[in-house]
Amino acid sequence: MPELPEVETIVRDLRDRLVGRVIREVVVILPKVVASPAPEKFASLLAGREITGLARRGKYILVSLSGDRVLVIHLRMTGQLVYYTRPEPFPKHTHLLFYLDQGVLRFTDLRQFGRVRLAHKRELDDVPGLRDLGMEPLDAGFTEQEFVRRLKRSQRMVKPLLLDQAFLAGLGNIYTDEALHRSGVHPERRAAGLSTREARNLCRAIREVLSEGVALRGTSVQHYVDGSGQRGRFQEILRVYGKRGEPCPVCGVPVERIRCGGRSTHFCPSCQKRSEK
DNA sequence: CGATTTGTTAGTAG
DNA sequence: CCTACTAACAAATC
């Protein structure tokens, strides 16, 4: 489940290996993972282009190419993007192969939810999903003030709000549960009902878990691997995600799991009260 | 063998 | 049109 730290790790890994490489040939094995243009056109438009840069926006991977084109990749739940220096036999669920002048970039996705699209650089802001993304929590321009202001404007429950990519870009189920626990906020609290102090704590906790996530190269609970196929280490310091029944590392009370906004949600009933402390 | 898992979007209700 | 919420998608794993 690649969230911001996982995507950031992949982008940094691949940047070192891919910038300056030239795409020789693209093989589309599962056409539906190519959102646009049509798979044949997608492949022919890519051949011969040089990779000039890699960037992240929310959970999107942006691969800049010569000729002002950009490859927009979203891994969704189980997508993987891994670079190999030599053409190894590719595993199950491999849907795209980018043969480069040196090495191969392989896109695999067990659940087939991930999507890849080739766009013009200037029409990037019109790409659905990318267009409506909210603030980048790790950007310098992201201020506590603005976060608190926007939080208090919403009547929604805080957890579904944090998962809304139009509100804040990059959080998923794991880091949201961890940030709420660290800031002592119950996931079902109404965003507007948080005190300023709680909202500020939440803001700091979000930045904290995301930075630590990046530092530990992501969370490998199930499928996530980085740009060279290695697992991350943030799962070693998870406090509540996937810990139902285990003692909260802060107070020892068993972690509970509920359904919130249709998502499984882990929290400590003692550290995260339903009403303001 | 049915329940569970998740990111996003399309759809509904108000 | 805006806000809040939910179903649907896919496929392996338990």
Side-chain angles (χ1 to χ4, degrees), chain A residues 1-11 29-36 56-62 72-81 91-96 107-117 119 126-134 136-137 149-180 187-194 206 209-210 213 218-225 232 234-235 238 240-245 255-267:
Chain A
M1 289 138 283
E3 306 179 26
L4 188 152
E6 290 74 33
V7 177
E8 181 65 28
T9 301
I10 292 168
V11 164
I29 300 163
L30 185 68
K32 75 169 179 182
V33 305
V34 180
S36 82
R56 178 192 61 76
R57 173 81 173 98
K59 301 174 194 171
Y60 286 84
I61 297 168
L62 306 173
V72 181
I73 302 169
H74 199 298
L75 301 174
R76 292 284 188 111
M77 294 167 56
T78 54
Q80 299 179 340
L81 201 58
K92 270 186 186 175
H93 315 297
T94 297
H95 307 317
L96 291 176
F107 173 74
T108 62
D109 188 357
L110 180 148
R111 285 184 202 169
Q112 307 179 12
F113 279 3
R115 289 294 179 267
V116 174
R117 93 167 47 224
D126 301 330
V127 172
L130 211 46
R131 176 186 48 203
D132 302 317
L133 284 182
E136 281 290 335
R149 208 170 60 81
R150 296 198 46 191
L151 197 76
K152 291 193 168 189
R153 209 188 298 156
S154 173
Q155 297 303 313
R156 300 170 69 181
M157 289 189 290
V158 65
K159 162 132 183 185
L161 180 66
L162 292 179
L163 286 175
D164 185 347
Q165 301 299 298
F167 176 74
L168 192 64
L171 281 176
N173 216 26
I174 297 172
Y175 293 95
T176 301
D177 282 0
E178 292 296 312
L180 286 169
E188 291 178 313
R189 295 275 303 281
R190 298 285 156 177
L194 298 192
I206 289 169
V209 294
L210 292 177
T219 307
S220 295
V221 177
Q222 295 177 21
H223 303 91
Y224 164 72
V225 291
F234 193 82
Q235 68 277 8
L238 289 173
V240 288
Y241 182 83
K243 306 283 187 186
R244 177 172 54 171
V255 170
E256 288 184 11
R257 187 174 73 166
I258 57 170
R259 198 148 288 275
C260 176
R263 293 286 164 244
S264 77
T265 299
H266 313 75
F267 71 103

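Values reported hereafter were calculated over all heavy atoms of this structure, with side chains retained and with hydrogens, waters and symmetry mates removed. Reminder, nothing fancy here: chain letters follow the sequence lines and each chain counts from 1.
If you check every strand for non-hydrogen atoms under 4.0 Å, A:Arg156 touches sugar and phosphate atoms only. A:Tyr241 comes within 4.0 angstrom of sugar-phosphate atoms only, judged by non-hydrogen atoms across all strands, and of no base. Within 4.0 Å of A:Arg190, counting heavy atoms only, lie sugar-phosphate atoms of the nucleic acid but no base atom. Heavy atoms of A:Thr78 sit nowhere under 4.0 angstrom from any nucleic acid atom.
Distance CG (A:Leu163) to C1' (C:dT6): 14 Å, rounded to an integer number of Å. Atom CZ in A:Phe167 sits about 18 Å away from atom C1' in B:dT8, given to the nearest Å. Rounding to whole angstrom units, CD of residue A:Glu6 and P of B:dG7 are separated by 10 Å. Protein atom CG of A:Leu130 is 18 Å distant from nucleotide atom P of B:dG7, rounded to whole Å. The nearest whole Å value for the distance from the CG atom in A:Asp164 to the P atom in B:dG7 is 13 Å. Rounded to an integer number of Å, the gap from A:Ile61 CD1 to B:dG7 P is 15 Å. In this entry the distance linking CG of A:Asp132 with P of C:dT3 reads 12 Å, nearest Å. Put simply, CZ on A:Phe113 is 12 Å from P on C:dA12, counting in whole angstrom units.
Listed by residue number, A:Arg257, A:Arg259, A:Arg263, A:Ser264 are the residues of residues 255-266 of chain A with a heavy-atom contact under 4.0 Å to DNA chain B.
Using a 4.0 Å cut-off, some side-chain N or O of A:Ser154 falls inside it from OP1 or OP2 of C:dA4. Distances shown here put a side-chain N or O of A:Gln165 below 4.0 Å from the OP1 or OP2 atom of B:dT8. A sub-4.0 Å separation between OP1 or OP2 of C:dC9 and a side-chain N or O of A:Lys32 is absent. OP1 or OP2 of C:dA11 lies within a sub-4.0 Å distance of a side-chain N or O belonging to A:Gln112.
Under the 3.5 Å distance criterion, the side-chain polar atoms of A:Arg57 are left unmatched by any main-chain donor or acceptor of A:Lys59. Side chain of A:Thr176 to main chain of A:Asn173: no donor-acceptor pair is present (N/O by atom type, distance under 3.5 Å, no hydrogens or angles). Under a 3.5 Å cut-off, the side chain of A:Gln112 and the backbone N or O of A:Val33 do not form any donor-acceptor pair. In this structure, A:Ser220 contributes its side chain and A:Gly232 its backbone to a donor-acceptor pair below 3.5 Å.
Nearest heavy atoms, A:Ser154 versus A:Ala191: O-CB, 3.5 Å. Nearest approach of A:Ala169 to A:Glu136, heavy atoms of both residues: CB-OE2, 4.0 Å.
Projected onto DNA chain B by closest heavy-atom contact, A:His74 and A:Arg244 fall at different nucleotides, the more 5' of which corresponds to A:Arg244.
Taking CG from A:Leu75 and CD from A:Glu3, the interatomic distance works out to 12.0 Å, rounded to the nearest 0.5 Å.
A donor-acceptor contact closer than 3.5 angstrom is absent between the side chains of A:Tyr60 and A:Gln165.
Residue side chain A:Arg111 reaches the base of B:dT5 through a donor-acceptor N/O pair under 3.5 Å, judged by distance alone.
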